[in-house]
Amino acid sequence: MNYWLIKSEPDTWSWDDQNKSPKKTTEWDGVRNYQANNCMKDMAKGDRCFFYHSGKERSIVGMVQVVKTWELDPTDKTGRSFGMVTVMAIQSAKSPTTLAQIKDEAKLKDMVLVKNSRLSVQPVTGAQWKQVCKMAKLSNKQE
DNA sequence: GCCAACGTTGGC
DNA sequence: GCCAACGTTGGC
């Protein structure tokens, strides 16, 4: 199992939208960046991702699970084989964790979120995952 | 609203 | 294949 972080501008697609959508799932389309696309290609069914609000909020607000692996994004008109995965909301953060808090935590100083803030889909290490779960009051147990 | 960081485009 | 110009993202 691998861990990831996906970002969304809440005005475009918020955690609330995610939870209101049928079966709490959504196709994570619209990614037009090779690095982000490659991350999605590496995702396996059951992998988990933090859901991060960029823009004004800048915080980790929940956790989603990959329910369908990478497939071609039908909205892509570039002809460059950008794709998407399908994710399902599984937990809301009881204590949403802000970017400022993450930056203050020494154990998280190497997070991609800190080092390359522009990447919209990014890997998270096991140690970082555990630490953020603790801070956000998210359960790390497997169903 | 500004600007740094980064990715992409296109001329050569 | 290089690199300048440009556009976009996202934190501040």
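Below, read A as the first sequence line, B as the second, and so on, with proteins coming before strands; counting in each chain starts at 1.
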Task: Salt bridge A:Lys20-A:Asp16, side-chain N to carboxylate O under 4.0 Å - done: yes
- [ ] Answer with yes or no whether the side chains of A:Thr75 and A:Arg32 bring together a donor and an acceptor at under 3.5 Å.
- [x] yes
Task: A:Val31-A:Val64 co-clustered via ILVMFWY side chain contacts under 4.5 Å - done: yes
Open item on the list: Please identify the 5'-most and 3'-most nucleotides of DNA chain B with any atom under 4.0 angstrom from a heavy atom of chain A.
Closed with: B:dA5 to B:dT9
Heavy atoms under 4.0 Å, any strand shown: does [X] hit a base, just sugar-phosphate, or nothing?
{"X": "A:Gln35", "answer": "sugar-phosphate"}
{"X": "A:Leu99", "answer": "sugar-phosphate"}
{"X": "A:Lys103", "answer": "sugar-phosphate"}

- [ ] Determine the interplanar angle of the A:Trp28 and A:Phe51 rings, folded into 0 to 90°, and report it as parallel if under 30°, tilted if 30 to 60°, perpendicular if over 60°.
- [x] perpendicular
- [ ] Evaluate the criterion side chain to side chain contact (heavy atoms under 4.5 Å, CB included) for residue pair A:Asn37 and A:Arg80; output intermediate values, then yes/no.
- [x] CA-CA 11 Å; A:Asn37 187 51; A:Arg80 290 179 191 175; over 6 Å; no
